[in-house]
Amino acid sequence: MRLAAFLVSLASPGLIFAFQPPSRIHANIDATHTFSLAGNTRPVLARAQDQGAVDPALALPRITLHLAMTASQKAELLQFVAGQQTPASPHWHQWLTPEQYADQFGANAADIQKIVAWLQGLGFSNIEVARSRTWISFSGTAAQAESAFQTPIHRYLVNGQTHYANATAPILPKDLDGMVESIRGLHDFHPRPRGIKPGSAIKAHFTSSISGNHFLVPDDWATIYDVKPLYANGIDGTGIKIAIPGQSDIALSDIEAFRSAAGLSKNDPQVILSGPDPGTSSGDESESDLDIEWAGGIAKNATIVFVNSMDAFGSATYAVDNNVAPVLSITYGNCEQDLGTAEINTLTSLFLQANTQGMTVLAASGDQGAADCENSGATTASQGLAVDVPAAIPYVTGLGGTEFSEGSGTYWSSTNDANSGSALSYIPEIAWNDTSEDDELSATGGGKSTVFTKPTWQTGNGVPYDGARDVPDLAFAASPDHDGFLICSAGSCVNGFRMTNEDLNVIGGTSASAPSFAAVVALLNQQTGDRQGNINVALYALAS
């Protein structure tokens, strides 16, 4: 490997040249010879109702060509990433910048310019090249996309909702065969948020001065999972960033209200908008509020970087390409079967890049139990067994859910402390499964992947010998019913955590587990003074 020689200084002082991957496009792109880009239609279209062609003027605000590595690049990358987690390796914790990644594992700069020229010739605008030279994004209309990629774009009715999507596999010039891994942005199927709410705030088990029921605030979590000794030693996230990708605007007043009610000092997140503003979507807004409030509530002095765009996976792509934080917590996903191979491969490459940069990626494992393809609110499983992506990707730590099982023990105070906490100690846990109680699928996601084989590090007591990647890797409290997480969203917190009618805004799901553990990783980064990359290797070694 030549990674030690990423940058070679020549005889002239200050003149530095970067290595370039070999060029794969040897002339201007010729559109007369083409190929079909397999795996780039949404599998869900097979059971959707076709509503006909979209308006040709429909704006497609962010289309992205994700570029594929060569076989030799992929082999070298896997060897390098393994070395980053092997103490005896010369590459142990040798994290890359996006530009260093580009020079070893991205596309050749001259090839990038040829693709850009081709896109410009097709009339696309707002062309942007990734720092890592792994993707190129651009804007256009449906008519331009249909002409460029020779696929009709139709509207479809899916589960009562209308979406648009390319009806057939995109057609690309033969010069790009092997260079393009996927095209995102020809459809508006976005990843689903994983946070769920209980049927009633009173149903959940913060000791309430009104109902006597218990709800979780950051102070409780810190008591239950023994984080407070770290605070006593100055380990509170200071100097560390946590990235949260979302797909809705948020109100900083909600974050400020949460922190005030939880006894925390003001610490607004940094907000980055990538591409067009998505506006406010209620379900997505509360999802991001949960992520931001709880990651920042446990790592209470960390800097939360909220990356917002029209698509949470697009927000994650920005976060990785710009290396915005050493910890990335994702609470959006789809089941493997609904994503399709091309998008799964693209996300896998993205989080491999994140690992090389020292980024630890955490993802929620889903809230429909072992049937991740079911819609929220489903009462039975009809789509078969499934796990969630990105949690199932081996370069991501999948977070599942537990719920507390107090039995006859005394684990809660009858009153709250100055930070609204009332938990007294660790509380025994069982797997989260409230399906019977809620009369809908409401349980920790998990199972074996049908896409990824067993990683070499995934061994230990309780790990199935099934040859498949199994999820989740860890689990923390997630039940919205017993005991739910308090959040502030859409102006809900008027008097402390309470609304004007004295109700509480309670939420749960594995969307609570992921940002909670992201906070723990931030504390670990502060303690060690280093990034961690793919933490799964160390987690399974510790468990053994």
Quiz item: Got a donor-acceptor contact below 3.5 angstrom from the Q526 side chain to the G237 backbone?
Solution: yes

Quiz item: Charged N to carboxylate O below 4.0 Å: is that the case for D311 and R184?
Solution: yes

Quiz item: Do S309 and S315 pass the side-chain hydrogen bond (donor to acceptor under 3.5 Å, both in side chains) test, and can you show the C-alpha distance, the side-chain angles, and the key distance before you say yes or no?
Solution: CA-CA 6 Å; S309 75; S315 299; 2.7 Å; yes

Practice problem: Find out whether N322 and P98 are in side-chain contact, i.e. whether some heavy atom of one side chain is under 4.5 Å from a heavy atom of the other. | Solution: no

Practice problem: May I ask you to decide if W432's main-chain N or O and T402's side chain share a donor-acceptor pair within less than 3.5 Å? | Solution: no

Quiz item: Atom OG1 of T34 and atom CD of Q150: how far apart are they, to the nearest 0.5 Å?
Solution: 5.5 Å

Quiz prompt | Test: K454 and D470 ion pair at under 4.0 Å | solution = yes

Quiz prompt | Main-chain N/O of L385 paired with Q337 side-chain donor or acceptor, under 3.5 Å | solution = yes

Exercise. Say whether, by atom type as modelled, one donor and one acceptor occur between the side chain of R133 and the main chain of A102 under 3.5 angstrom.
Key: yes

Quiz item: Is the shortest side-chain N to carboxylate O distance from D30 to K174 below 4.0 Å?
Solution: no

Quiz item: Would you say the side-chain atoms of Q20 pair up with the backbone N or O of A109, donor to acceptor, closer than 3.5 Å?
Solution: yes

Quiz item: Do the side chains of Y332 and D284 get nearer than 4.5 Å, heavy atoms only?
Solution: yes

Quiz item: Are the side chain of D111 and the backbone of I25 linked by a donor-acceptor contact shorter than 3.5 Å?
Solution: yes

Quiz prompt | Sub-4.5 Å side-chain heavy-atom contact between M359 and Q532 | solution = no

Quiz item: If only atom types and distance count, is the side chain of Q100 paired as donor or acceptor with the main-chain N or O of T97 below 3.5 Å?
Solution: yes

Enumerate donor-acceptor pairs with a distance under 3.5 Å from any side-chain N or O in residues 512-520 to protein atoms, sequence neighbours excluded.
from	atom 1	to	atom 2	distance (Å)
S513	OG	G400	O	2.9
S513	OG	F476	O	3.3
S516	OG	A512	O	2.6

Quiz item: How would you list all residue pairs meeting side-chain hydrogen bond (donor to acceptor under 3.5 Å, both in side chains) that involve residues 292-305, not counting sequence neighbours?
Solution: D236-N301

Self-check item: Q84 (side chain) donor-acceptor with T356 (main chain) under 3.5 angstrom
Solution: yes

Quiz item: Between F313 and T346, does a side chain to side chain contact (heavy atoms under 4.5 Å, CB included) hold up when you go through it step by step?
Solution: CA-CA 10 Å; F313 285 165; T346 292; over 6 Å; no

Practice problem: Would you list the pairs meeting disulfide bond (SG atoms under 2.5 Å apart) in which at least one residue belongs to residues 331-364, sequence neighbours left out? | Solution: C335-C373

Quiz item: Judged by modelled atom types alone, do N40 and S182 share a side-chain donor-acceptor pair under 3.5 Å?
Solution: no

Self-check item: L328 vs P245 side-chain heavy atoms within contact, under 4.5 Å
Solution: yes

Quiz prompt | From D177 atom CG to H33 atom NE2, the distance as rounded to the nearest 0.5 Å | solution = 13.0 Å

Self-check item: Exam field: side chain D473 to backbone G398, donor-acceptor pair closer than 3.5 Å
Solution: yes

Quiz item: Can you find a pair of side-chain heavy atoms, one from L176 and one from I29, that are under 4.5 Å apart?
Solution: yes

Quiz item: Is there side-chain contact between H187 and H163, with at least one heavy-atom pair below 4.5 Å?
Solution: no

Quiz item: Would you say the side chains of T397 and N536 form a donor-acceptor pair under 3.5 Å?
Solution: yes

Quiz item: Between the main-chain N or O of A468 and the side-chain N or O of T453, is there a donor-acceptor pair closer than 3.5 Å?
Solution: no

Practice problem: Examine the side chains of S281 and Q247 and answer whether a donor and an acceptor come within less than 3.5 Å of each other. | Solution: no

Quiz item: Under 4.5 Å between any side-chain heavy atoms of D289 and I255, yes or no?
Solution: yes

Quiz item: Is N166 close to F149 at the side-chain level, that is, under 4.5 Å between some pair of heavy atoms?
Solution: no

